[in-house]
Structure formats: structure tokens, C-alpha cells
Amino acid sequence: MNYSLMFRLRGYRSRLQGPLSVFLGLALTCCLISCSNAKSKPTASEEKTTNIEAAKTVPEMKSYKQKIPGTDVRFEMVPVRGGVYGMGSPTTEKKRKQNEGPQHNVKIEPFWMGKYEVTWDEYDIWTFNLDINRRKVKKLKPSKQDRLADAVTKPTKPYTDMTFDMGHDGYPAICMTQLAAKMYCKWLSAKTGHFYRLPTEAEWEYACRAGKTTAYSFGDNPKKLGDYAWYFANSDEKYHPVGKKKPNPWGLYDMHGNVSEWVLDQYDPKYYYKFGKGKLSLSPLNIPTKLYPRVVRGGSWDDDAEQLRSSSRFGSSKEWKVQDPQLPQSVWYHTDALQVGFRIVRPLRVPSAEEIKRLQLVPDNVKKERD
Amino acid sequence: MSHQNSSSTTRRHFLKTAAVASAGVAVLPSPALTAGAFSDGDDLIRVGLIGCGGRGTGAASQALSTKGNVQLVAMADAFGDKVDKCHHRLQKQFGNKPGRVGVDQDHKFSGFDAYKNVIESGVDLVILATPPGFRPIHFEAAVKAGKNVFMEKPVATDPAGVNKVLDAVKLAKQKNLKVGVGLQRHHQYTYRETLKRIKDGAIGNIVTLRCYWNGAGVWVRPRKKGQTEMEYQMRNWYYFNWLCGDHITEQHIHNLDVCNWLKDGFPVKAWGMGGRQVRKGIDNGEIYDHFSVEFEYADGTRMLSQCRHIPGCWNSVSEHAHGSKGYANLSGVRIESTDGKWRYSGKRNNPYQTEHDDLFAAIRKNTPYNEGHYGAMSTMTSILGRMATYSGKPVKMKKALESNMSLMPKEFAFDATPPTTPDEHGHYPIPVPGVTRPF
């Protein structure tokens with residue numbers, strides 16, 4: 001089955017502003033941007049006072065820094081304009097695997113994506129109630145949004161330290177299950193008032209490619225990979241602080257390597273065969289029906305160059321928690337997945353409550369399946 | 001499914017353990033509580049589980065995943081609900097391996113004396129996985145009854161308990177019983193290889209050791225209406241010393257034990273400081289949230305240790321050795337010395353499974369196997385650190401053991417009074433350095 005995120009395409013054909021329009025040249029002909037309220041471009045002085053996060057239309061979409069309320073921690077979001085691209089790898093690509101084909105055309109709606117992988121600085125606020133602890137110490141009252149966020153389920157405390165001594169401040173969070181990553185998004189949405197979720201697999205690859213059709217967003221030559229990514233050859237067998245390598249053309253860091261990133265989809269090696277040849281698929285998502293395997297993307301510090309290719313796909317596995325000595329094993333931690341983290345997106349169009357539930361954006365409806 | 005297998009495997013981190021769990025499964029006659037123990041030539045090892053929490057259930061699952069004929073035949077926990085949950089979980093886990101879980105309703109026991117019922121159920125081996133305070137009592141009873149034992153760490157919470165375990169270890173050796181202790185790093189290939197290299201001189205003479213279990217803390221089980229004080233403490237056991245030993249004993253023992261393993265000995269003296277700075281809620285009982293302890297071995301080598309249960313701080317669960325010609329990260333399995341750099345690149349295993357594989361293999365081959373002495377002495381190392389911290393005084397190992405100090409209650413019953421009780425606000429007395437005596 002090919003589940004699709006069907007977006008109502010109201011509005012009008014929009015000319016994209018700025019350098020992003022170049023790479024979307026091909027896509028423009030069929031790229032309709034959902035936009036209910038056309039607004040003129042803000043002036044420079046207006047822009048200073050405009051709440052950039054409050055953008056409602058594509059032209060308004062800008063990079064922004066979001067402070068997590070009640071903390072000193074910020075994260076950065078980068079706009080990714082909608083468009084069409086060929087998902088998967090061509091049969092001619094070196095080191096490709098069968099699960100990356102057949103290549104098919106996919107249409108993506110606009111969203112913002114985390115400039116970096118989610119770091120421990122951000123993630124631990126949710127896991128360990130660091131915002132709540134701070135309020136208690138400083139005797140501060142919770143805001144309305146704090147109260148909403150406080151009510152989101154928190155994971156159990158991990159028995160051991162999940163950084164495994166590889167670094168904390170500024171380093172990517174790892175070892176979480178997909179459920180935990182989704183729940184973090186739910187908490188962050190409540191906390192900030194904006195809808196954040198994991199990317200779909202199609203969105204992830206679109207953002208990783210950043211308009212390129214080559215194996216990596218910088219070309220086909222894996223010898224240049226060290227400039228852009230942490231992987232087995234240069235990682236010293238551990239993850240690294242986010243944002244230390246070159247970004248991709250859309251300003252996203254560490255899409256190749258460092259840590260693999262959770263997306264929303266169920267992993268199915270034959271999923272791409274379900275797309276009709278020559279047809280355009282709208283925001284595809286393989287809605288999960290079982291716990292394993294689910295998709296992670298991008299490859300990691302523990303992978304070789306070919307696994308960092310834009311089209312490379314990975315499925316999660318029960319073995320990712322083989323060293324959790326408790327039974328039942330935790331639903332929150334993949335104690336053995338030291339290579340897995342995630343990155344968040346914020347779709348421009350906020351989905352309805354019905355869509356959130358049906359598409360299992362946050363959290364998961366799949367009946368709890370224990371190991 | 002070749003797609004999936006190749007996709008979920010990273011360059012080096014994948015553990016080649018999946019095969020272990022599915023190895024050598026035989027269909028067993030059931031029920032198995034018939035005459036003929038393992039030692040009589042029957043190849044079936046009958047297992048009894050005492051302590052049915054998450055770790056006990058995990059340990060039982062690992063025991064039942066060892067090679068050869070093995071069956072769980074009896075279970076016990078202070079709480080009947082824990083027994084039922086654990087039984088259900090294991091039945092589900094081994095649903096496709098008939099005979100592995102052969103516990104009928106008559107062999108599910110609950111209450112403080114339930115361990116005796118399990119020991120009397122014709123078992124060849126018992127798994128001891130209750131809160132650690134009970135371990136000495138259970139271990140002694142199992143050894144006296146001639147049972148092989150797998151016991152979780154720590155093996156006691158006080159010197160009296162450690163002494164009891166040390167005596168039972170001697171008896172177990174006399175009786176040729178096999179004893180495994182859940183300090184699984186001893187069965188982890190990375191540690192084994194790294195420690196071997198250091199012992200072979202990779203960093204020269206060891207000058208100083210450091211180790212840490214700095215983390216965010218663990219679960220809390222808040223008081224529920226209708227619970228007696230004893231039931232509350234038994235459920236929320238992590239926060240009461242007679243049951244848990246404080247986190248320096250319950251968790252940090254792993255790291256202290258690695259240092260002891262490397263030194264082939266145990267500290268003779270300790271100095272420490274610590275307190276209860278952040279975690280002091282109504283359901284956080286009497287334990288501290290941080291310790292910093294300096295231990296001294298007989299040859300004068302010092303081991304620096306920290307453990308903390310406070311979220312949002314620098315965390316590390318690790319061990320390190322500094323030598324006359326280099327440095328070794330024992331948990332990070334790296335060595336840097338004047339000879340150059342080395343990093344472990346061999347096979348990785350799941351030590352929680354291997355510790356059971358090794359114990360069961362020793363039982364089947366009847367080879368000597370007893371981890372009880374170092375299990376007890378590493379437990380005592382952690383207790384020594386706790387005594388030094390609570391009192392603020394230097395404490396000697398010999399004197400601490402000789403004190404035979406006991407934290408345990410006089411009477412075990414849900415309506416009995418535990419060794420510590422709360423004031424009218426629900427707060428428990430907290431150890432005060434400079435006032436509290438070491439023993």
C-alpha cells in the first residue's frame with residue numbers, strides 16, 4: 001500500500017524567493033505551494049520585529065533559532081521549500097543496494113528541518129525534567145505551555161549513562177527508540193507551541209540530497225566525504241559534536257554520518273516497488289504497523305562511506321537492545337544503538353488531529369509490542 | 001530478509017549474539033519435577049528463580065537461553081504480583097521453546113520465606129535476584145542445600161552480610177558448587193582483553209586508578225495508600241540501605257570491581273565525602289545522591305571514585321588506569337603508552353548472556369567455577385566507601401569487616417518494623433558526616 005499525505009492544494013502558483021529557487025527550477029512546474037494568505041515580503045525593519053517562527057507562508061519561511069522556554073538551550077531550524085525529486089538511487093550508482101530502488105518521483109511539501117541533529121542538551125531537558133527542576137530551584141511558576149509540556153509522558157530513567165562516555169554538551173543524543181524520539185517531538189511541540197515531528201523518509205532524503213542527484217550532496221566521490229561527515233574512517237569510533245563539518249547546499253549539517261537519524265516510516269526493503277512508474281507520489285509515508293524494523297537514515301560514525309549515501313536505507317532491529325538486561329526491555333532505549341539519533345522537522349502546514357493520529361506522527365498507535 | 005539484516009548492521013557495533021539465544025533447543029518432557037537431578041546424570045538443569053523483578057526475569061531468560069537442556073521449574077518473590085508478571089513474560093518469551101518454562105501454579109511462591117520453597121523444589125541451580133539485602137540469607141540457604149547459584153550483584157548491603165557470603169563461598173567450594181556473580185564485565189570480551197594487556201605490562205606499573213558511575217539516577221516507586229511501612233520500603237527498595245546499600249553499592253560496585261580485578265586485590269582503606277544535595281524528595285528514602293571516595297590498596301596505590309545520581313551534570317560510567325608508561329581507558333577499551341596506541345577491535349559479545357553460558361558450561365563439564373569471593377569483596381569495597389562517606393572518617397577494610405555491622409531488620413514480615421522509619425513528615429534520618437559512626 002502506498003499511503004500518502006494528501007495535502008489540499010489551495011492557493012496559487014508561487015515564485016520562490018532567493019537562491020533556493022535555483023535548485024527548484026525543475027521542480028517548479030509541478031510544485032504548488034500551499035498558501036492561504038499571501039503576504040507581501042516584509043521590509044527590513046518589519047523583519048526585525050516579525051516573529052520569524054510564526055511564518056504561515058513559504059515566502060515567510062526563514063531560518064530561525066528557537067529557545068526552549070524555561071531553559072538556556074536553543075536549536076536552529078532551516079527552511080526546506082517544497083519540491084519534486086527522484087527518491088532512491090539510479091541503478092548506475094556505485095555501491096547502491098536493491099532496497100534503494102526503483103527510483104521514483106516524489107513531491108514534498110515545505111517544512112523546516114533541524115540544522116543539526118538533536119543534541120543531548122535539548123534531549124535531556126525532556127528526559128530528566130531539567131526545565132521543571134530549574135523552575136523548582138528558582139521558584140518560578142510554570143507557564144501555560146510549560147504545563148502542557150509537563151503532561152507529556154517522560155521516559156523511564158536509563159540505568160546507565162547513555163552517552164557511553166563519548167561526550168554530552170553539543171553532541172548528538174543517541175540510543176533512543178523511535179517511540180522516544182517521537183515523544184520528544186510531542187513534548188517540544190507542547191513546549192514551543194509549534195508542531196514538530198520526525199521527518200518522513202521521503203522528506204529526509206529530499207533534504208539530504210538538497211537538490212542533487214549524486215550519491216552524496218557534494219557529488220559522487222567518497223574521497224571528499226571527510227569534509228562533510230563523520231564516518232568509520234575518521235570518527236575514531238565515536239560520535240562528534242554536531243555542526244563541525246561542512247553543511248549540505250541547503251545549510252543542513254551532518255546529514256551524512258555522525259549519527260543515523262530516525263524517520264517516521266516502517267522499513268520495507270521493497271517499499272519503492274509500490275510506486276507506479278512515472279507517477280508522482282505526494283509525500284509518501286509507510287505508516288508503521290509493527291515495531292521492527294523502522295527506518296533510520298544517513299549512516300553514522302560506525303558506518304562505511306557507502307552507507308552514508310543519500311539514498312542508503314537502514315532498518316531498526318531488536319538487536320539494538322540486546323544488552324538491556326531487564327525483562328521486559330525498555331520501550332525507551334536502544335542500549336546498543338550507539339549510532340542512532342534523530343533530527344526534527346516542522347511542516348509549514350500543521351496537520352489536523354485526525355492526520356496526526358492516522359499517520360502516527362506523534363506518538364505511535366501500534367499496539368505495544370514487547371520483545 | 002537479507003535486505004534487513006545488512007541494513008541494521010553497522011561497521012563494528014553489531015553484536016554477534018543473536019545465534020546464542022537460539023542455540024541447542026531440545027523438547028523436554030514436562031513436568032520435570034521428577035527424580036534425578038542434573039548431577040545424577042540427567043542432562044536437564046532445573047532452575048529456580050528467587051526475585052522476579054526486571055533483572056530477575058532477564059537473568060532467567062538468559063539462563064534459559066544457554067545451550068542444552070534447561071528448565072525453569074520454580075519461582076519466588078516477596079510479592080505474588082511480581083511472580084505472575086514474570087511468569088507471563090517468560091512464557092511469552094519462550095513460547096516457541098516448549099519445556100523451557102515449566103512452572104506450574106504449585107511452584108509459584110510469594111512472601112519472605114518463599115525462597116525456601118524454591119530451594120526445596122528439586123532445583124539444580126537458583127538465580128538470586130531480589131534486592132541485595134536478602135542475598136546473604138538466600139545464598140547461604142542455597143549453598144547449605146547443595147545448589148549451584150547465579151546471584152546478582154551486589155551480594156550484600158552490610159559487613160555482616162558480606163561475612164555470611166564469604167563463609168558460604170568457602171562452603172560452596174568444599175561442596176564443589178558452581179557460583180556465578182552478576183558482575184558481567186568479567187565476561188565481556190572488551191574488558192577481558194584490555195585488562196589482560198595491562199596486566200601484561202602495556203602501561204607499565206599501575207600508578208593510579210579512577211572510576212565513575214555518574215548518572216541521572218534510577219526509578220522511584222512512590223508510596224501507595226494501604227501499604228505498610230515494610231511493604232513500601234520493599235517496593236521502593238532502592239532508597240533504603242538495608243535493601244539497597246545506597247547507589248555506591250548497588251551500581252558503582254561494577255566500576256570498583258573492575259579496578260579490583262585489575263589490581264588483583266581489594267582496598268585496605270577508604271576516605272570519602274558525599275551527601276544528599278538534590279535528590280531529597282519524599283520518596284527518596286535515606287540514600288545519598290553523590291559520593292567521592294579515595295581507596296587505598298595494600299601496596300599504596302590509590303583508586304579515585306565518584307558516583308552521582310543527579311540529572312543535568314557531567315556523566316560517565318567508566319574506569320581508567322594510569323601507569324608508569326601510559327594510560328588505559330578500561331571501559332573505552334583504548335590504551336595509549338610510550339609503545340603507541342591500541343584499541344580493541346575484536347569481537348564484541350553480550351556479557352549478560354555470556355555470564356550464564358560460562359556458568360552453565362562449568363556445571364555441565366564440572367569444572368571449578370566460583371565468583372563468590374571477588375563478588376563479596378567488591379561488594380565490601382563499595383560498603384567501605386559508603387561507611388567512609390557517611391562518617392567522614394577514614395575506614396579500614398579489616399575493621400569494617402570485623403565490625404560485622406548489620407543493617408537488616410530483626411523480623412521479616414509485612415507488618416514488622418523496618419530498620420528505619422519516617423518522622424511525622426515522612427522523612428527518614430539521613431547519615432550526617434562527622435556525626436554518623438562508620439559502624
Side-chain angles (χ1 to χ4, degrees), chain A residues 97-99 124-125 127-130 133-134 137 156-166 168-169 231-232 236-238 260 267-270 292-293 295-296 299-304 307 312-320 322-330 336-339 370-371, chain B residues 1-15 17-18 21 53-62 85-86 89-90 92-93 182 184 212-220 251 254 278 309-318 329 331-334 343 345 348 350-353:
Chain A
K97 287 185 186 150
Q98 268 199 320
N99 65 358
D124 275 359
I125 300 169
T127 307
F128 298 124
N129 292 328
L130 298 184
N133 296 350
R134 188 174 183 259
V137 171
T156 53
K157 282 184 179 164
Y159 186 76
T160 193
D161 168 41
M162 288 292 169
T163 70
F164 293 93
D165 245 21
M166 295 192 290
H168 185 279
D169 295 5
Y231 64 121
F232 190 75
D236 196 24
E237 292 186 33
K238 57 189 176 191
S260 290
Y267 175 73
D268 172 2
K270 295 189 173 158
Y292 298 113
V295 179
V296 297
S300 74
W301 59 269
D302 202 13
D303 289 309
D304 290 321
Q307 286 155 311
S312 185
R313 311 174 69 211
F314 305 77
S316 67
S317 151
K318 200 172 167 174
E319 277 144 24
W320 288 5
V322 71
Q323 286 195 82
D324 180 345
Q326 305 266 334
L327 255 188
Q329 291 184 315
S330 173
D336 294 284
L338 275 68
Q339 77 284 9
R370 303 277 200 170
D371 306 299
Chain B
M1 292 309 284
S2 63
H3 282 298
Q4 187 194 325
N5 288 341
S6 65
S7 291
S8 61
T9 307
T10 56
R11 172 70 187 257
R12 282 190 56 259
H13 220 88
F14 176 62
L15 294 156
T17 49
R55 183 73 272 270
T57 312
S61 160
Q62 281 130 15
K85 260 187 207 159
C86 172
R89 172 69 50 201
L90 289 169
K92 206 173 150 191
Q93 173 100 355
Q184 80 284 349
Y212 309 91
W213 194 305
N214 290 343
V218 299
W219 50 264
V220 176
Q251 273 193 323
H254 281 295
V278 176
H309 273 193
I310 302 176
C313 303
W314 171 71
N315 288 340
S316 180
V317 178
S318 63
N329 184 334
S331 40
V333 290
R334 291 161 198 244
R343 178 165 57 200
S345 57
R348 290 173 188 250
N350 174 5
Y352 296 102
Q353 185 57 51

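Per chain, numbering begins at 1; letters A, B, ... match sequence-line order.
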Any heavy-atom pair between the side chains of R343(B) and D236(A) that's under 4.5 Å?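 A side-chain contact under 4.5 Å exists here.
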
Would you call K157(A) and V218(B) a side-chain contact if the rule is heavy atoms closer than 4.5 Å? no

Measure the [atom1]-[atom2] distance between [X] and [Y] for me, rounded to the nearest 0.5 Å.
X	Y	atom1	atom2	value
Y352(B)	D324(A)	OH	CG	8.5 Å
H168(A)	S316(B)	NE2	OG	12.0 Å
Y212(B)	D161(A)	OH	CG	13.5 Å
L327(A)	Q62(B)	CG	CD	7.5 Å
R89(B)	Q326(A)	CZ	CD	12.0 Å

May I ask you to decide if Y159(A)'s main-chain N or O and Q251(B)'s side chain share a donor-acceptor pair within less than 3.5 Å? yes

Salt bridge check, D336(A) against R348(B): does any charged N sit closer than 4.0 Å to a carboxylate O?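 Salt bridge absent between R348(B) and D336(A).
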
Which bit of N133(A) comes within less than 4.5 Å of chain B, counting heavy atoms only: side chain, backbone, both or neither? side chain

Shorter than 4.5 Å, heavy atoms on both sides: which option in T156(A), D268(A), D124(A), T160(A) has the most such pairs with chain B? T160(A)

